Structure formats: C-alpha cells, structure tokens
Amino acid sequence: MLPGEGATGDTAASETVNRDFIRDIVAADLESGRTRAVVTRFPPEPNGYLHIGHAKSICLNFGIAEEFGGQCNLRLDDTNPTKEEQEYIDAIQRDVRWLGFDWGSNLFFASDYFERLYGWAEDLIRAGKAYVDDQSQDEIRRNRGTLTEPGRNSPFRDRTVEENLDLFRRMRAGEYPNGARVLRAKIDMASGNINLRDPVLYRILHAHHPRTGTAWKIYPSYDFAHGQSDAIEGVTHSLCTLEFEDHRPLYDWFLENLDVPSRPRQYEFARLNLTYTLLSKRVLTELVRGGHVTGWDDPRMPTIAGLRRRGVPPEAVRDFVKRIGVAKANSVVDMGMFDFTVREALNKTALRRMAVLKPLKVTIENYPEGQVEELDAVNHPDDAAAGSRKIKFSRELFIEQDDFMENPPKKFFRLSPGMEVRLRYAYFVTCRDVVKNAAGEVVELRCTYDPATKGGNAPDGRKVKATIHWVSVSHSVAAEVRVLNPLFARPDPGGAENFAADLNPESIEVLADARLEPAALDVAIEQPVQFERQGYFCRDRDSTPDHPVFIRTIGLRDTFAKDVAKDAAKGKAGG
RNA sequence: UGGGGGAUAGUUCAACGGUAGAACUGCGGACUCUGACUCCGUCAAUCUAGGUUCGAAUCCUAGUCCCCCAGCCA
C-alpha cells in the first residue's frame, strides 16, 4: 500500500443505514420468527461476465446477509450447457471477490443438484403432475395459446405414470435426439399466467457441460431448478429482478408439490439501467464477439472486469449501488451519478502527479541553460501522511496545449501573450513570445520567470489567476494515454437490435505523446493516480517497460469547459 | 374485454394516516498553488378525477400512462 491509500474514513453514505422494501421484509420476518437466520444467494448463469447491474444484486444479497448476520451463497446457475463456460465461472468468482464479498465455503452449482432434481421430477410423474410430451417445439408453441387465448392440452397429457416414467428414464439414458421430447408439469393450459401452462421441466440436450461433462443428456429448466436449489440451500429470501414476478406462482407451485427441505420466498426488485449504457448480456456478448471492444474487460465495458481495468475502485461501485437504492419501479439512473461516486472515492486516495497530455513546448528565456532545480510537490493535498516528492525544473518545459490561447476570451485565466500564471510548485511565468511553424500553428512559447516567486508565491503579494501544470522536457517520460468516453453516443442507446448504430465513434481517444513526471510511474497496474487538473488515471496492463500506457478512469469536473460550451451554445442560438 | 407489476423534484430513492425529505444534477456565492476538492445558499415533485377522514403521497372508487410475460434462455 502506498501512502495515501485508505487515509480517510468511510463516506457519510456508507455509514447511513440502508432501508428498502426488501430489507423491511427481512427485518419483519426475523422479528416475527418466520425466519431464524437469513440466507440469500447470488445466482448468476455462467454465460458471460458480470456487469454493474449484477453489482446491484451482489450488493443487495451479500449486503443483507452481512447486515442481518446471515449468509449469502454464490450459486452458479448452470442448467444450460449450450451457453456456459468455465471461463465465465472463473470470472464471476474473481469479480465478486474484487467487489469485496466473501461467500466463504458456500460456493454452489445448480449442477450439484441434478440428481436430486431428477428425483423430484420422477416424484412429480408418480404423483400424476408431470408428463412426457412428444410434441415438437413448434406444436408446443402453437398449443400454448396467446396472451388473450387459452392454450390446448397436449395429446400426450394423459399418459400413464408407467409410460411417463419409462419415457423419462429413456430421455435421461440418451435414447432420443435433442428436441424429441420434453418433460412438462401438468398444471393449467388455460391459466392467464403463461408460465403455468404446463411449463417445460426437462429438455434433451446432448451437450458438454463444464462441470458434469456428458453425464447428463437432459437438463432442468430454470423454473424447475431455481426454487428447489434455493430450498436445498436453505435460502430464506430469494431475490431476483422484476421480470420473474410472473414466475413466482410457478416457483411456489414446485415448492408446494415437492418434498423440499425448506420453504424459500421470492421477492423481486427493479434491475439497474444506466444512461449511455446497455446492460443486456446479449448486447455485451455481441460487443465482444463483434470486435467492437477488445474483450469483456475492455475498460469501456460496463462489466465488473472492465470497470476494474478502467481504474474504478470497488468501494465506488458499492457506494453507487447504495446511493441508487432498491425499489420496484423501472428506472434509468443518470451516468452522472456513477461518475460522482467514482470521483468521490478516487479523490480521497489517488496520489497527485503532473502529466502533460498534449504538450506545448515552453522555453524560459531568463532561466540559465543547464540549470536544474528540485522542487517539492505534495502527494495528496488533504493528506499530509501521503508525503511529498521532488520535481525537476529546467529551462525547457512542456505545458498543456489547452492552457494557452493566443487570443483569449474574457474569462480565460490561463497563459496568453503578456499574461502571468503560476507553474504549479515552481515559479510565476509570463508569456513573451509565440513561435509558429509554417502552417501558422503555435509550436513554442517564449516566457520569462520571476526568480523571486520560487515555490509558487510572490513576496510582493501579487496574485495570478491561474496555476497550470507542467513537466520538464528532459526530466519527463513519454507515455501513451487513452482517454475513455461513453461506449454509446446516446443517453438511450437502441436496444439489442440496433445498438451498433449508437456506438460512440469517439469512445476512445489515444494521446500518443503525453509526457509524465517520472514519479507518475511508481503506481501499480490499476492503481489510481490523479493527473492534476485533468482527471484520474491508472496504468494499464498494456504497458511495457519502455512504453507506459495510462487509461483515464474519469476526468475531473470541469466547470470552465462547461461554461465555454454553454456560451458557445448560447452564441449559436442567438446568432 | 389475458395475467403480473409500477407511477413522488430533471434523475434515483425516502416519507408506512400527522410539517413531502435526501443524494446527484442545475443555478448563485465563498475558499483555493488543481477552473478540482471543500463549504454556504438556492430552484425544483406526490399521474388524473372523485370519495373516506379533523388531516391523504399513504386508505377506497374510477380512469390514464409505463414496464414484463406467448424459449425446449436465465
């Protein structure tokens, strides 16, 4: 741990007690004695990487377990071998851990329960509550009815128990090809709830399962696996998103018709939506497969792995989730809310460094050639314990191109011809001359410095309106800096069908010629650092010893740039 | 004229029959060797119409609008 890390305490937000309708239910159940000890679970399907939407569920489930002195299981819901992979199983565990949660020894897989689930399916058959259906997928669909019309009973609905048992066992034995038959619950083909119109319990799938290999030829559906898995694990409160509300009657039906070891209850909450972001696994998978991003952990991705690589600290994700709350109303959270929590977390811990992203050469004409001075710079303005470091100053420097304007507007306080500014930690300098190339572009500034202002203060008490950052030409190191912007250009990108049209062509901007003070390199991969006046950055794993690469996690708030943009918009509207 | 949910500032969430609050955002200001941070101030909401009640965001009735469901996905 470098100085500065963990220097400050928890935020006010993290000290406040969470209250939401689910926690109210848990508290009431504990108080009434209906629940003795709360058990929750986070049940992702290992068919992709976890994203910030999952973080909401993770924080909810693990958070409730923690707060109420209970337990939260990590359960991989691996009931569909055609979509699931070991890579995802590994990534999910890594990401939950990174978020700061610990499932102890309670790592489970739905596939651990395949044998038990199979037994329960036979129980249902013996009770006359399930049957093997020979209809094709298409016939089943047609006979299911519509939203307004009831379905029709399958011609195979009244097979005998013996025949059903025999057929089901043959299904398990692998005697039939994919799709030949399914096992269905016998409930009510006329139910207004389509999930109750004889839902499929088992389908034939000749596929390789990452954990059970080819041992099974039939696999339970989500509905048949989920509630019973909860019951096996003693889950008391099974939390899921709103779209499963319709499944709750079916969830309950299985638990009531089967000899299960416990009686969990399902509760639903609204999933997270974010502006400028798409959080469907379908879209994220396509972004990766279609090469729109470099991988699941592309720093522009809303995946946990992407956020981590981008330099977002886990406490920021947790704090964000806390701030957005939990409710049943569909909503879209403003990305600005997330940005705020990221900046807040980073501001507390990130060490400060100086880096010039788009260099403009400055020569201090009255500074002796060959002279080099070491100046003190603090590592963190609010944390003396973070210490300080030395920065070398010399005659030739780089400043930010944006910090100079030849013809500045009124409110521009930075460098311009004749203007004096402070070079942070160094001297006051005044711009005397502007050097241009043949194309008329500014390529160098000729300045003078005031030796009396060493360290940044004028003995005569005179003030400057701006302090700008800089590096010494011969004492700085070159680096590549990648500035990240939202992956999507619109706050409400199109859905799964046309998301590609809304991709932001400027989601990544590569600054190949950035110059850093050498101390900027003493941060580890993914460790946040603030490049002063610009934003929070972290060193990326693409770095090599002679080619450091930094990623901009997020820029600093910039009210000046905002004002400029506002004035420009106003001028345009007026003219 | 199927079933299940939901509607409170611009956004997200509180208020659980008793003064509609917070955070983010916006706006204004103070401070500042980061136009950052911090601090202070401020604008801003109960979907509609009835009803019950001393009193309604909350209870009742009737509407309106939004979301989800017709996978052998989860």
Side-chain angles (χ1 to χ4, degrees), chain A residues 12-13 16 19-21 24 43-45 47 77 79-80 82-83 133 136-137 140-142 144-151 178-184 190-197 199-205 218-219 221-223 225-226 240-249 268 270 275 281-282 322-341 343-344 347-348 352 354 377-378 381-382 411-414 421-426 428 455-457 463-469 530-535 555-563:
Chain A
T16 58
R19 271 279 73 105
D20 56 61
F21 77 98
D24 287 347
E45 183 191 11
N47 66 343
D77 210 351
T79 57
N80 185 350
T82 67
K83 296 191 170 181
D133 195 342
S136 70
Q137 189 163 358
I140 289 179
R141 184 185 313 122
R142 279 200 303 273
R144 184 151 28 221
T146 69
L147 294 180
T148 52
E149 298 161 322
N178 288 357
R181 295 178 219 267
V182 291
L183 183 72
R184 291 230 258 171
S191 173
N193 183 343
I194 291 174
N195 292 302
L196 263 21
R197 319 241 263 228
V200 168
L201 272 34
Y202 272 89
R203 71 285 212 196
I204 299 169
L205 247 28
I218 57 173
Y219 290 88
S221 63
Y222 163 85
D223 287 303
H226 207 93
C240 61
T241 43
L242 252 28
E243 67 268 27
F244 292 101
E245 268 175 326
D246 286 348
H247 293 246
R248 184 165 11 103
E268 311 85 13
T275 57
K281 238 179 218 176
R282 153 97 196 281
K322 195 169 290 184
R323 282 168 181 276
I324 60 174
V326 180
K328 294 197 74 159
N330 295 109
S331 60
V332 183
V333 177
D334 196 315
M335 182 58 87
M337 192 96 81
F338 181 71
D339 292 347
F340 174 85
T341 63
R343 288 194 187 101
E344 187 182 52
N347 178 47
K348 280 188 290 189
R352 304 308 122 115
M354 292 209 286
V378 301
D382 305 321
K411 285 181 282 186
F412 186 83
F413 304 144
R414 281 108 93 151
V421 300
R422 172 167 37 232
L423 294 179
R424 187 147 162 89
Y425 300 123
F428 286 12
N457 290 300
K463 302 283 186 207
V464 288
K465 293 187 89 170
T467 299
I468 65 175
H469 59 277
Q530 184 193 98
F531 290 165
E532 294 208 57
R533 300 208 307 130
Q534 306 195 94
L556 255 28
R557 258 183 97 221
D558 190 348
T559 51
F560 173 67
K562 201 182 288 176
D563 282 351

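Worth knowing before you read on, the calculation uses all heavy atoms, side chains too, and leaves out hydrogens, waters and symmetry mates. Naming convention: chains lettered A, B, ... in sequence-line order (proteins, then strands); numbering from 1 in each chain. All values derive from a computational prediction rather than experimental measurement.
- Among the atoms of the strands shown, only primed sugar atoms or phosphate atoms (P, OP1, OP2) are found under 4.0 Å from some heavy atom of Arg557(A).
- Note: CZ (Phe338(A)) to P (U25(B)) measures 14 Å, nearest angstrom.
- Asn330(A) is listed as a side-chain neighbour of Leu242(A), based on a closest heavy-atom distance under 4.5 Å.
- With sequence neighbours excluded, the residues that form a side chain to side chain donor-acceptor pair (under 3.5 Å) with Arg352(A) are Asn347(A), His380(A).
- Shown here for Phe428(A) and Gly456(A), the closest heavy-atom pair between the two residues is CE1-O, 3.3 Å.
- Listed by chain and number, the residues in a salt bridge (Lys or Arg N to Asp or Glu O under 4.0 Å) with Glu268(A) are Arg248(A), Lys328(A) (sequence neighbours excluded).
- Summarising the geometry, the separation between CZ on Arg19(A) and C1' on U12(B) is reported as 18 Å, rounded to the nearest angstrom.
- To the nearest whole angstrom, the two C1' atoms, one in U8(B) and one in A20(B), are 8 Å apart.
- The C1' atoms of A70(B) and G2(B) are separated by 11 Å, rounded to the nearest whole Å.
- With sequence neighbours excluded, the residues satisfying salt bridge (Lys or Arg N to Asp or Glu O under 4.0 Å) with Asp20(A) are Arg23(A).
- When heavy atoms are screened at a 4.0 angstrom cut-off, Tyr219(A) is found touching no nucleic acid atom at all.
- Partners of Tyr222(A) by ring pair (Phe, Tyr, Trp, His ring centres under 6.0 Å), not counting sequence neighbours, listed by chain and number: His226(A), Phe244(A).
- Going from the C1' atom of A22(B) to that of C60(B) covers 31 Å, rounded to whole Å.
- Residues that satisfy the ring pair (Phe, Tyr, Trp, His ring centres under 6.0 Å) test with Phe338(A), not counting sequence neighbours, are Phe320(A).
- A salt bridge is absent between Asp133(A) and Arg181(A); no separation between the charged side-chain nitrogens and carboxylate oxygens falls under 4.0 Å.
- In this structure, Arg248(A) atom CZ and G3(B) atom P are separated by 16 Å, rounded to whole Å.
- Counting non-hydrogen atoms under 4.0 angstrom, Lys411(A) reaches a base of the nucleic acid.
- Ranked by how close their nearest RNA chain B nucleotide is to the 5' end, Gly325(A) and Gly456(A) are led by Gly325(A).
- The nearest whole Å value for the distance from the CG atom in Asn347(A) to the P atom in U32(B) is 18 Å.
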Contact pattern, 5' to 3', of nucleotides 67-74 of chain B - B, S or - by protein heavy atom under 4.0 Å: SBBBSBSB
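- Checking A14(B), C37(B), U34(B) against the side-chain heavy atoms of Arg352(A) singles out U34(B) as nearest.
- Spacing between atom NZ of Lys328(A) and atom P of A14(B) amounts to 13 Å, rounded to whole angstrom units.
- Atom name P, nucleotides A9(B) and A14(B): the rounded distance is 13 Å, in whole Å.
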Atom pairs, N/O to N/O, protein against nucleotides 27-30 of chain B, distance under 3.5 Å?
residue, atom, partner, partner atom, Å
C27(B), OP1, Lys566(A), NZ, 2.2

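- In this structure, Glu532(A) CD and Leu556(A) CG are separated by 9.0 Å, a value rounded to the nearest 0.5 Å.
- G4(B) and A56(B) are spaced 31 Å apart, taking the P atom of each and rounding to whole Å.
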Please write out the pairs of protein N or O atoms and N or O atoms of nucleotides 20-23 of chain B separated by less than 3.5 Å, giving the distance to one decimal.
residue, atom, partner, partner atom, Å
A23(B), O2', Arg323(A), NH1, 2.5

Pairing pattern in dot-bracket form [Watson-Crick, G-U; both distances under 3.5 Å; | = partner strand] for RNA chain B: .((((((..((((....[..)))).(((((.......)))))....(((((..]....))))))))))).....
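- G71(B): glycosidic angle within 90° of 0, hence syn.
- Rounding to the nearest 0.5 Å places CD of Gln530(A) at 11.0 Å from CZ of Arg343(A).
- The base of C16(B) is paired with the side chain of Asp24(A) by a donor and an acceptor separated by under 3.5 Å.
- Remark: side-chain polar atoms of Asn47(A) are not paired, donor with acceptor, to backbone N or O of Lys83(A) under 3.5 angstrom.
- With both ends at atom C1', the span from C54(B) to C59(B) equals 16 Å, rounded to whole Å.
- Although no hydrogens or angles enter the test, the distance criterion places no donor-acceptor pair under 3.5 Å between the side chain of Thr467(A) and the main chain of Arg422(A).
- Separating the CD atom of Glu149(A) from the C1' atom of G3(B) is a distance of 14 Å, rounded to the nearest angstrom.
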Could you list, one pair per line, each protein nitrogen or oxygen that sits under 3.5 Å from a nitrogen or oxygen of nucleotides 56-58 of chain B, together with the distance?
none

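- Residues Leu423(A) and Ser331(A) each lie close to RNA chain B; by heavy-atom proximity, the contact nearer the 5' end of the strand is made by Ser331(A).
- Separation of atoms CD1 (Ile218(A)) and CG (Asn178(A)) is listed at 12.0 Å; rounding is to 0.5 Å.
- Note that CZ of Arg141(A) is 14.0 Å distant from OG1 of Thr146(A), once rounded to the nearest 0.5 Å.
- Comparing A15(B) with A7(B), their P atoms are spaced 12 Å from each other, to the whole Å.
- One finds the CZ atom of Arg184(A) at 10.0 Å from the CG atom of Leu201(A) (value rounded to the nearest 0.5 Å).
- With sequence neighbours left out, Arg197(A) forms a salt bridge (Lys or Arg N to Asp or Glu O under 4.0 Å) with no residue at all.
- Residue contacts for Val464(A): at a heavy-atom cut-off of 4.0 Å it reaches no nucleic acid atom on any strand shown.
- Here Gln530(A) lies in heavy-atom contact (under 4.0 Å) with a base.
- Within the 4.0 angstrom heavy-atom criterion, base atoms lie near Phe412(A).
- Atom pair Asp558(A):CG and G26(B):C1' shows a separation of 17 Å (rounding to whole Å applied).
- Separating the C1' atom of U64(B) from that of U48(B) is a span of 7 Å, rounded to the nearest Å.
- Residues Leu423(A) and Ile468(A) have side chains in contact (heavy-atom distance under 4.5 Å, counting atoms from C-beta outward).
- Listed by chain and number, the residues in a ring pair (Phe, Tyr, Trp, His ring centres under 6.0 Å) with His469(A) amount to none (sequence neighbours excluded).
- At a threshold of 4.0 angstrom between heavy atoms, the contacts of Glu532(A) include nucleobase atoms, whether or not backbone atoms are also involved.
- As a whole-Å value, the separation of Phe531(A) CZ from G35(B) P is 17 Å.
- Atom OH of residue Tyr219(A) and atom OG1 of residue Thr82(A) lie 9.5 Å apart, to the nearest 0.5 angstrom.
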